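Proteins get letters first, then strands, A, B, ... in listed order; numbering begins at 1 in each. On a predicted model such as this, the values are computed, not experimentally measured, just so you know.
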2 protein chains.
Amino acid sequence: MTQKNRSLTLRDVSEASGVSEMTVSRVLRNRGDVSATTRDKVLTAAKELGYVPNKIAGALASQRVNLVAVIIPSLSNMVFPEVLSGISQVLEDTELQPVVGVTDYLPEKEEKVLYEMLSWRPSGVIIAGLEHTEASRAMLHASGIPVVEIMDTDGEPIDAMVGISHRRAGREMAAEILKAGYKKIAFLGTKMPLDHRARKRFEGFTEVLAKSGVEVVDREFYSGGSALAKGREMTEAVLERSPDVDFIYYSNDMIGAGGLLYLLEKGIDVPGQIGLAGFNGVELLQGLPRQLATMDACRREIGTKAAEIIAARVNDVEKDGQITLAPTISFGDTLRDA
Amino acid sequence: MTQKNRSLTLRDVSEASGVSEMTVSRVLRNRGDVSATTRDKVLTAAKELGYVPNKIAGALASQRVNLVAVIIPSLSNMVFPEVLSGISQVLEDTELQPVVGVTDYLPEKEEKVLYEMLSWRPSGVIIAGLEHTEASRAMLHASGIPVVEIMDTDGEPIDAMVGISHRRAGREMAAEILKAGYKKIAFLGTKMPLDHRARKRFEGFTEVLAKSGVEVVDREFYSGGSALAKGREMTEAVLERSPDVDFIYYSNDMIGAGGLLYLLEKGIDVPGQIGLAGFNGVELLQGLPRQLATMDACRREIGTKAAEIIAARVNDVEKDGQITLAPTISFGDTLRDA
DNA sequence: TATCGGAATGTTACCGCGATCAGTCGCGCC
DNA sequence: GGCGCGACTGATCGCGGTAACATTCCGATA
């Protein structure tokens with residue numbers, strides 16, 4: 001209750017309870033044998049003083065830092081909070097704790113964030129994507145701790161990886177669209193230089209179309225702003241430019257939802273006149289007037305699997321480190337189910 | 001490049017560059033005078049080895065931990081990532097770094113998270129809400145570091161606070177609704193026992209209605225699930241139960257959007273037959289067919305102001321610590337502008 | 001009664017770094 | 001030529017804990 005300035009230490013508790021610092025340490029960590037009476041004495045004293053252990057010192061002394069660095073591009077994407085929640089859920093049962101760093105999709109910022117994180121000597125790293133700067137890769141290698149790259153499995157991991165193949169996701173969606181008989185297909189998405197997963201989906205998508213002699217008739221890219229509004233605007237732009245479009249593939253559900261709302265408003269027959277599909281399977285879609293066709297990215301599961309790998313490796317348990325999950329397509333109401 | 005297991009220390013760099021550890025430390029922190037030649041030698045050696053400083057040790061030695069604990073209820077609410085981005089933006093220009101903890105709206109979890117955070121001896125705490133357990137308040141007091149409670153200013157802060165008055169937000173919205181001539185008003189929101197801010201808005205809302213002799217004719221609460229879908233369902237339920245409702249006040253924009261979509265679909269005249277309003281001013285709304293009336297919660301600004309207070313206090317600059325921001329109402333297209 | 005063993009507690013030596021203080025060295029000035 | 005000074009570099013100590021080892025104490029056992 002009484003507090004000056006200087007924060008409490010084990011010594012304070014030890015003096016207050018009349019035992020050695022070591023014993024206090026043992027009590028507070030539930031380690032080693034301590035008699036019930038001294039345990040009580042110590043706990044009472046600690047509580048009375050309001051003592052909070054100093055993990056900085058503890059970590060230095062024990063050479064153990066139970067933190068897992070989680071490095072993701074953004075928090076406003078919804079996708080990542082879901083991954084995070086998968087991670088937290090699994091780590092909750094261990095003594096590990098996630099610490100989040102955000103890169104804003106910028107490789108240099110990723111490098112900086114990674115450096116910061118590693119300087120706290122975490123027990124493991126979970127990082128989004130397979131594309132990193134040379135320096136980042138070097139740091140991860142040199143760190144000597146378990147590294148799980150998540151979201152994407154189209155590439156060579158540094159250590160472990162958990163995700164889906166976005167190329168394949170693009171291919172599968174393309175195949176379904178063709179099967180349903182659509183021919184004039186447009187693609188709307190984010191500006192892709194740094195969004196590798198969107199790029200890979202696009203590549204897979206066009207690859208399959210090409211095999212059938214189909215080419216994307218129009219495309220449009222955005223960055224920033226309200227995704228829902230952007231989806232609306234871009235859809236409008238595309239329809240104006242290419243009125244004969246009969247399918248629009250969106251690189252994420254949010255812009256897809258915007259497009260869907262726009263088309264419904266215009267009284268366009270979906271999926272008769274124009275079919276639509278997005279990507280991610282976000283919860284939001286459930287409230288839309290019509291279910292957007294989409295493909296689930298297994299976000300939560302990616303989080304749990306990644307956390308499980310870290311947890312296992314930290315305990316020196318070997319564990320399969322290359323997990324490719326299979327996203328499932330959901331036709332919803334905007335893609336004719338062939 | 002070569003790495004065994006044991007992580008590098010200042011000593012490794014010092015040996016590699018032929019100077020003392022102290023000098024290496026100075027170089028890496030840009031502190032004190034070091035000749036250009038030794039500086040280069042050291043930097044080269046450090047880079048070659050891939051040395052990453054150990055902040056654990058650094059923090060212990062210097063008694064300075066440049067972390068700011070940010071404790072929020074949820075990451076999936078969109079509101080909080082926005083606050084976070086305000087915080088990050090300001091802290092980016094300082095040497096402070098935010099670290100996020102999530103409480104899931106549970107007081108006990110908040111207590112636990114807070115304890116964890118404080119055990120890292122952060123330089124400051126930014127925590128959502130004014131309601132905390134006794135133990136949490138005690139810890140915050142005892143910590144002796146700057147504490148900023150954010151989001152809400154209806155109550156007594158432990159130290160500093162930045163936010164809006166949710167009571168007043170509720171009152172103002174009620175006043176506008178009455179002014180516009182609506183009479184049969186319903187309220188839809190989250191189950192409130194733990195969402196104090198939603199509760200306060202509701203209290204302010206009913207208070208003003210009561211003064212005009214109006215009572216909420218119907219209400220409905222939800223928890224979990226897709227907010228958009230819930231908004232839809234609840235709106236349907238209310239209309240069925242109380243067909244004469246002429247206004248619905250939603251405790252957040254997401255369910256409001258769900259309701260709006262539902263009503264438009266049913267061909268109901270909004271805002272003629274039924275008016276709608278939400279709360280938060282989320283970006284999402286911009287993509288809707290019609291702009292939902294809402295009230296901006298100043299989320300980003302709350303983040304920046306809170307971070308500024310922490311930054312100032314950390315540098316022993318006194319700074320006004322009780323900031324009440326004024327949310328602005330936006331009528332959109334769903335509330336007759338009287 | 002002397003010996004032994006385990007439970008309970010204490011002592012010592014760091015962990016990796018930074019604050020502090022103590023040099024060393026070359027140079028200009030009186 | 002001696003002195004002082006500033007620029008640079010190094011040695012020592014301790015931050016607050018924990019690991020590992022040492023010690024004490026007590027009852028059980030031979």
Side-chain angles (χ1 to χ4, degrees), chain A residues 5-43 45-46 49-67 95 116 118-123 143-144, chain B residues 5-43 45-46 49-67 95 116 118-123 143-144:
Chain A
N5 173 322
R6 169 157 207 65
S7 129
L8 295 164
T9 75
L10 270 191
R11 156 151 255 112
D12 296 299
V13 182
S14 104
E15 281 170 2
S17 52
V19 300
S20 72
E21 300 174 37
M22 198 57 234
T23 301
V24 175
S25 170
R26 279 195 269 253
V27 170
L28 295 176
R29 288 177 302 143
N30 278 310
R31 204 142 310 179
D33 300 304
V34 181
S35 72
T37 56
T38 50
R39 155 171 268 97
D40 286 348
K41 255 193 314 191
V42 169
L43 286 177
L49 293 170
Y51 174 72
V52 177
N54 184 332
K55 286 208 180 166
I56 303 265
L60 184 61
S62 67
Q63 299 287 295
R64 273 185 280 99
V65 184
N66 291 321
L67 296 177
E95 47 182 10
E116 289 287 329
L118 290 181
S119 74
W120 290 104
R121 301 288 188 271
S123 302
S143 72
Chain B
N5 174 323
R6 171 159 207 62
S7 132
L8 295 164
T9 73
L10 271 189
R11 155 153 255 111
D12 296 297
V13 182
S14 105
E15 281 169 2
S17 53
V19 299
S20 72
E21 299 173 39
M22 200 55 236
T23 301
V24 176
S25 170
R26 279 195 270 255
V27 170
L28 295 175
R29 286 177 301 140
N30 279 309
R31 206 143 308 181
D33 300 305
V34 181
S35 74
T37 55
T38 49
R39 156 170 267 97
D40 286 348
K41 257 194 313 195
V42 169
L43 287 177
L49 293 170
Y51 173 72
V52 177
N54 185 332
K55 286 209 180 169
I56 304 264
L60 184 60
S62 67
Q63 299 287 294
R64 272 186 280 101
V65 183
N66 292 320
L67 297 177
E95 46 182 11
E116 288 286 330
L118 289 181
S119 74
W120 290 103
R121 300 286 188 271
S123 302
S143 71

Legend entry - OP1 or OP2 of D:dG16 under 4.0 Å from side-chain N/O of A:Tyr51: no
Inset, instruction - Would you indicate whether A:Arg29, at its atom CZ, is surrounded by more than 12 heavy atoms from other residues, nucleotides or ligands within a distance under 6.0 Å? - result: yes
Inset, instruction - Nearest whole angstrom, please: distance from the P of D:dG16 to the CH2 of B:Trp120. - result: 16 Å
Legend entry - B:Asp12 (side chain) donor-acceptor with B:Thr9 (main chain) under 3.5 angstrom: yes
Inset, instruction - Measure from CZ on B:Arg31 to P on D:dT9 and round the result to the nearest Å. - result: 17 Å
Inset, instruction - Tell whether B:Arg26 reaches the base of D:dG10 with its side chain through a donor-acceptor pair below 3.5 angstrom. - result: yes
Legend entry - Under 4.0 angstrom between A:Ser35 side-chain N/O and C:dT9 OP1 or OP2: yes
Inset, instruction - Establish, with yes or no, whether the OP1 or OP2 oxygen of D:dG17 is under 4.0 angstrom from a side-chain nitrogen or oxygen of A:Gln63. - result: no
Legend entry - Spacing of A:Asn66 atom CG relative to D:dG17 atom P, expressed in whole Å: 17 Å
Inset, instruction - Ignoring backbone atoms, establish whether B:Ser20 has a side-chain N or O less than 4.0 Å from OP1 or OP2 of D:dG10. - result: yes
Inset, instruction - Output yes when at least one side-chain N/O atom of A:Thr38 is less than 4.0 Å from OP1 or OP2 of C:dA8, else no. - result: no
Inset, instruction - Quick one: label A:Asn54 by what it contacts on the DNA or RNA (base, sugar-phosphate, nothing), any heavy atom closer than 4.0 Å. - result: sugar-phosphate
Inset, instruction - Could you check how far CD of B:Glu21 sits from P of D:dG10, rounded to whole Å? - result: 11 Å
Inset, instruction - Calculate the interatomic distance between B:Asp33 atom CG and D:dC8 atom P; express it in whole Å. - result: 5 Å
Inset, instruction - Could you state the atom-to-atom distance from CG of A:Leu10 to C1' of D:dG16 in whole Å? - result: 7 Å
Inset, instruction - Taking only the side-chain nitrogens and oxygens of A:Ser62, find out if one of them lies under 4.0 Å from OP1 or OP2 of D:dG17. - result: no
Inset, instruction - Taking only the side-chain nitrogens and oxygens of A:Arg29, find out if one of them lies under 4.0 Å from OP1 or OP2 of D:dA19. - result: yes
Legend entry - Heavy-atom check, side chain of B:Trp120 versus side chain of B:Ile56, under 4.5 Å: yes
Legend entry - Separation of C:dC17 C1' from B:Leu60 CG (nearest whole Å): 8 Å
Legend entry - Nearest-nucleotide pick for A:Met22, side chain only, options being D:dC15, D:dG10, C:dG10: C:dG10
Legend entry - 4.5 Å side-chain heavy-atom contact, B:Ser17 and B:Val24: yes
Inset, instruction - Quickly, which of A:Val52, A:Asn54, A:Leu49, A:Val13 forms a side chain to side chain contact (heavy atoms under 4.5 Å, CB included) with A:Leu8? Name it, please. - result: A:Leu49
Legend entry - Phosphate contact (C:dG10 OP1 or OP2) by A:Thr23 side-chain N/O below 4.0 Å: yes
Legend entry - Whole-Å gap separating P (C:dG16) and CG (B:Asp12): 9 Å
Inset, instruction - Please state whether the base of D:dG17 and the side chain of A:Arg64 form at least one donor-acceptor pair under 3.5 Å? - result: no
